[in-house]
Amino acid sequence: MSLEKFMNQAVSSWMSSEGPDSDIVLSSRIRLARNIKQVNFPTIFSNEEAKSVIQNIEDRMSKSSFDKFGDLELLLMDELQPLQKRVLMEKHLISPHLVENANYGACLLTENEEVSIMINEEDHIRIQCLFPGFQLSEALDVAYEIDDWLEEEIDYAFDEKIGYLTSCPTNVGTGLRASVMMHLPALIMTQQMNRIIPAINQLGLVVRGIFGEGSEALGNIFQVSNQITLGKSEEDIAEDLKSVVSQLISQERSAREALEKTSNIQLEDRVFRSYGTLSNSRVIETKEAARCLSDVRLGIDMNYIQGISKNILNELMVLTQPGFLQQYAGGPLRPFERDIRRASLIRERLKMEDKELGG
Amino acid sequence: MICQECNQRPATLHFTKIMNGEKAEFHLCEKCAQEHGDMFMLSSGSGFSINNLLTGLFNMEPAFQGASKAPLEQEKVLQCEQCSMTFQQFAKVGKFGCAHCYDAFSDQLKPIVKRLHSGNWTHNGKVPARIGGSIHLRKKIDELKNELKELILKEEFEKAAETRDEIRKLEKEMNGHDEGGE
Ligand SMILES: [Zn+2]
Ligand SMILES: [Zn+2]
């Protein structure tokens with residue numbers, strides 16, 4: 001498949017399909033960090049070693065491909081335009097580190113973009129599976145399949161005592177980072193999030209905003225992930241995360257019910273004001289767009305608004321970021337021009353929905 | 001990545017400097033970076049917070065604190081014989097140079113890893129299917145040995161004999177593994 005197709009196919013599977021509990025859980029991700037035996041870590045490796053890592057992967061692919069999701073395509077970072085890399089990053093397929101700091105960085109993508117294998121990031125190999133909705137175990141199963149497929153031909157740096165050896169000791173052992181992206185507007189509106197976050201931290205899990213800078217959580221979207229990678233099995237790590245996420249889901253649902261009971265008309269008003277803003281703005285900044293998108297998505301989930309697809313939040317949160325906007329515009333944009341583009345992209349997207357409604 | 005100044009030692013410090021409005025990147029080893037002094041400002045690349053955390057953890061180790069205060073004892077510097085990263089460099093960047101670093105810094109690392117992973121120091125998860133072949137066997141044998149003990153306690157000698165035979169079979173298989181025979 002061509003690169004153009006990757007880029008034009010702006011909506012990845014994790015943004016478009018709907019998985020279990022997708023009213024609250026937008027996506028589930030599994031990441032496994034692996035390194036190749038006898039090759040220095042990317043921290044200090046030479047260019048020759050970096051190239052040998054890519055060679056290893058190419059050799060693996062030429063023996064037999066992993067074709068569960070169609071062909072894997074190898075993209076070399078050095079051969080991509082800055083904007084193309086940025087778009088892949090905004091789709092959460094590659095990390096900022098791979099874009100900015102990697103030496104001979106590359107990634108392997110499946111056609112549906114549910115699997116992305118980063119090469120020469122902080123570790124030689126980082127297998128990532130990104131599924132829509134609440135599907136951690138399913139994502140872990142696929143990550144295992146890819147891991148086993150790679151290991152058929154590649155010798156991993158593995159220690160019997162402390163497991164998979166990673167360049168940073170925070171990942172040693174399983175090399176597993178399991179995370180779930182959640183939309184939690186009612187917990188924010190009822191001001192419960194500040195109380196919940198420290199409680200989750202105490203369980204060895206991390207909660208942070210995924211869009212936006214620093215600690216802010218644009219669009220009321222949070223990522224919950226494990227911190228500890230050593231000592232527990234992968235399945236236990238995933239189970240522990242799942243049980244916390246399940247609790248968060250039920251807390252968010254009861255907060256929504258409470259809001260509906262106590263302030264139904266105010267909530268409906270807020271939802272429709274935000275819908276009005278999105279369908280009429282000519283200039284809109286990231287923050288305002290994110291806030292309104294979160295309101296509209298909540299309005300859809302709570303049946304105030306009908307006939308608009310639920311994907312609108314996850315999709316537009318990604319598509320209104322600078323890289324995508326510039327790709328959509330076909331060239332570089334200054335910040336103010338982006339705000340204009342963002343407004344028009346959102347209006348167009350909502351009009352698409354209207355047409356579907358009318359037809 | 002090799003240090004761009006001396007072209008000898010591994011570059012473990014990565015700096016950004018704004019010069020005449022232009023952003024320039026520097027990749028230096030610790031020694032060369034020290035010589036450049038505060039000409040550079042630290043880039044806020046990823047891993048920085050972890051690196052702070054590690055430095056914090058690491059400063060609590062009294063043994064090393066002593067060492068850092070006594071530069072004359074630098075000859076005893078702890079270094080990975082495989083990739084030449086020193087423990088001091090690791091403490092600064094928070095990342096290892098190679099897999100062998102885990103062995104080379106094992107003693108210093110243990111308390112740090114335990115603190116990062118709530119007291120754990122043993123992997124309990126997935127094992128590579130191919131290179132982990134003998135590990136799988138050893139785990140299986142350990143399980144069977146425990147089973148055998150229980151069976152003997154329960155005086156179920158018939159089953160115990162079966163289990164013992166199976167252990168012998170697996171042990172034979174494992175010796176084959178160790179000799180590198182397929
Ligand atoms: Zn140097
Ligand atoms: Zn080393």
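Below, chain A is the first sequence line, B the second, and so on; all start at residue 1.
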Undergrad: So do the side chains of B:F96 and A:L165 get within less than 4.5 Å of each other, counting heavy atoms only?
TA: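 The answer is no, as the side chains (C-beta and beyond) never meet within the 4.5 Å cut-off.
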Undergrad: Compare all side-chain heavy atoms of B:T122 with those of A:K161 and state whether any distance is below 4.5 angstrom.
TA: yes
Undergrad: Less than 4.5 Å to any heavy atom of chain B: does that hold for the side chain of A:L150, its backbone, both, or neither?
TA: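 For A:L150, there is no contact with chain B at all, as no heavy atom is under 4.5 Å.
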Undergrad: Can you tell me which of B:S118, B:C98, B:G125, B:G119 forms the most heavy-atom pairs within a distance under 4.5 Å of chain A?
TA: B:C98
Undergrad: Any chance you could measure B:N120, atom CG, to A:K232, atom NZ, to the nearest 0.5 Å?
TA: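 Answer for the CG-NZ pair, B:N120 versus A:K232, is 8.5 Å.
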Undergrad: With a 4.5 angstrom heavy-atom cut-off, could you sort out which part of A:E48 is near chain B: side chain, backbone, both or neither?
TA: neither
Undergrad: With a 4.5 angstrom heavy-atom cut-off, is it the side chain or the backbone of A:E152 that approaches chain B, or both, or neither?
TA: backbone
Undergrad: Could you check whether B:K95 makes a cation-pi contact with A:F41, meaning its NZ or CZ is under 6.0 Å from the centre of the six-membered ring and within 45° of the ring axis?
TA: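 The answer is no, since B:K95 fails at least one limit relative to A:F41.
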Undergrad: Hey, are the side chains of B:P128 and A:Y164 touching, using non-hydrogen atoms and a 4.5 Å cut-off?
TA: yes
Undergrad: Applying side chain to side chain contact (heavy atoms under 4.5 Å, CB included) to B:Y102 and A:D159, what does each step give before you reach the verdict?
TA: CA-CA 9 Å; B:Y102 278 93; A:D159 179 87; over 6 Å; no
Undergrad: Could you tell me which of A:N103, A:T229, A:L32, A:N35 has the largest number of non-hydrogen atom pairs under 4.5 Å with chain B?
TA: A:T229
Undergrad: For the pair A:D148 and B:R130, find out whether any cationic side-chain nitrogen is under 4.0 Å from an anionic carboxylate oxygen.
TA: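 B:R130 and A:D148: not salt-bridged.
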Undergrad: What part of A:S46 gets closer than 4.5 Å to chain B, counting heavy atoms only: side chain, backbone, both or neither?
TA: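 The backbone, not the side chain.
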Undergrad: Taking C-beta and beyond as the side chain, do B:C83 and A:F45 meet within less than 4.5 Å on heavy atoms?
TA: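 In short, these two side chains do not touch, never coming nearer than 4.5 Å.
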Undergrad: Looking at every non-hydrogen atom in both residues, tell me the closest pair between A:C168 and B:G94 and how far apart they are.
TA: SG-O, 3.6 Å
Undergrad: Is there side-chain contact between A:F158 and B:V127, with heavy atoms separated by less than 4.5 Å?
TA: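 When only atoms from C-beta onward are counted, B:V127 and A:F158 do touch, with a gap below 4.5 Å.
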Undergrad: At a heavy-atom separation under 4.5 Å, does A:S95 approach chain B through its side chain, its backbone, both, or neither?
TA: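 Answer is neither: A:S95 stays 4.5 Å or more from chain B.
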Undergrad: When rounded to the nearest 0.5 angstrom, what distance separates CG in A:N40 from OG in B:S84?
TA: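 OG of B:S84 is found 8.0 Å from CG of A:N40.
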Undergrad: Please indicate whether A:Q202 has more than 12 foreign heavy atoms, meaning atoms of other residues, nucleotides or ligands, lying under 6.0 Å from its CD.
TA: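 Open.
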Undergrad: Assess, by modelled atom type and distance only, whether the side chains of B:K126 and A:T174 contain a donor and an acceptor separated by less than 3.5 Å.
TA: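 Checked: B:K126/A:T174 side chains show no N/O donor-acceptor pair below 3.5 Å.
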Undergrad: Take A:V172 and B:H117 through the test side chain to side chain contact (heavy atoms under 4.5 Å, CB included) and record every step on the way to the result.
TA: CA-CA 9 Å; A:V172 74; B:H117 298 283; 3.9 Å; yes
